[in-house]
Amino acid sequence: EGEINVGKTPADVPAEPLPLLADFEWVTMDLTDAAETKQVYELLYGHYVEDQDATFRFAYSAEFFDWALKPPGWRRDWHVGVRVKASGKLVAFISAVPATLSVRDTEMKAVEINFLCIHKKLRAKRLAPVLIREITRRVNRQNIWQALYTVGKVLPSPVTTCRYYHRPLNWPNLLDVGFSVLPQGKTKAQMVAKYTIGLETKTPGWRTAIKKDIPQMKELFDRYQSRLELVQHFTEEELEHMLIDPHDTEKVVHCYVSETEGRITDFVSFYLLPFSVLDNATHEKLGVAYLFYYASEAGLDKPRFDPAGTKALADRLKLLVGDCLVVCKGLGVDVFNAVSSQDNALFLQDLKFGGGDGFLNFYLFNYKAFPIAGGIDEKTKEADVVKRSAVGVVML
Ligand SMILES: Cc1c(C(=O)c2nccn2C)oc2cccc(OCCCNCc3cccnc3)c12
């Protein structure tokens, strides 16, 4: 386990961008400029990841990019675009954001690579490897040699694999858009009844997290994460950026704490990222929420797999995530997504999440790591309630 290519320095790295196909040119996007952010948003809106039968496409918003691509320490030259020389049209994009990661006991300055997108008309021109090499060059120039990225499909040796889980909130909409199907022998009314949830949150001391909570949340988060093997470390400033959304409306990330007698004992968060529904007469958008970071002191006073500690954590997570479902229902979210990472296996079944057909493979660039538990049982591919996962990083 360890770094593969060692001993290189920025001086070994070309100062100039790599050659591109003749009609194209590199461009560094300025995501502080609304017009340029719009160009990135439009490229991804029309050409980013779709599900296999091309029914849905991610509908990232400009606010989403503001949040996801500009965390503390972000760099303009890590927002890389490719334009057509003649027209100036943006036809490809890739991004990196700084991340301090730990793989087991090794901490490393790294980046997270995301939002690799190539215009549909430029596929199979081998542009993706060129974009990856160029962003690698720009990251290496800053003396950073490791990267974390996720891919839906399987490439050589993922460090871990998590499974997609979905919790329907508006089952009729999911049926209308073809995401859910009516199971054999069930009626629509039975499916609606199965997924009905309450209107009130139940977690004691539940309230929206605010900036002054960050020191306590960080202390709790670091303790909770110390039991996992692939984690991202956040400074207070980074944690605030990731969890406290400054907007009053159109929030992308929502975070709640459970405070008892002035002490924060838990927090939980989710982010909103709708899907465009392609070719559907009645629905243009699908409201989707993704479980994000959380931490709880339940069970923290015992070893991770102590039965009593596990039971306390399972009960706590069912309350916390159950209340996220209540809030999301109120926000008009149609489906609440989670992966099998962290301790999610402890609530997935009881909160009626269903296993998806998607898998999220995590890859570490220039770091050889022994496999890390992704929270799914090798044979059944179901959530592993006993072993759970050792993955703490939640990729957007
Ligand atoms: C994407 C996604 C979906 C869906 O595709 C989906 N839900 C409802 C309808 N659909 C079609 O379901 C999930 C469940 C957990 C985590 C997820 O994603 C985790 C974050 C993914 N990061 C971006 C990404 C996307 C695809 C491939 N690599 C990275 C997803």
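As the structure lists them, so they are numbered: ligands from 1, and atoms in each ligand from 1.
- Contacts classified as salt bridge (charged side-chain N to carboxylate O under 4.0 Å, His left out) and involving residues 151-167 (residues at least two apart or in different chains) are given here: Arg163-Glu382.
- Between Glu25 and Lys85, no side-chain nitrogen of the basic residue sits less than 4.0 Å from a carboxylate oxygen of the acidic one, so the salt-bridge criterion is not met.
- Partners of Arg316 under the side-chain hydrogen bond (donor to acceptor under 3.5 Å, both in side chains) rule, at least two apart in sequence or in another chain, are Ser258, Asp266.
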Do any nitrogen or oxygen atoms of ligand 1 lie under 3.5 Å from a protein nitrogen or oxygen, and which ones?
unit_1	atom_1	unit_2	atom_2	d
ligand 1	7 (N)	Asn337	ND2	3.1
ligand 1	12 (O)	Asn337	ND2	3.2
ligand 1	22 (N)	Leu396	O	3.0

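- Partners of Arg223 by salt bridge (Lys or Arg N to Asp or Glu O under 4.0 Å), not counting sequence neighbours: none found.
- At a cut-off of 3.5 Å, with distance as the only test, a side-chain donor of Lys109 or Thr100 sits close to an acceptor on the other residue.
- Between the side chains of Asp30 and Thr28, no donor-acceptor pair of N or O atoms lies under 3.5 Å.
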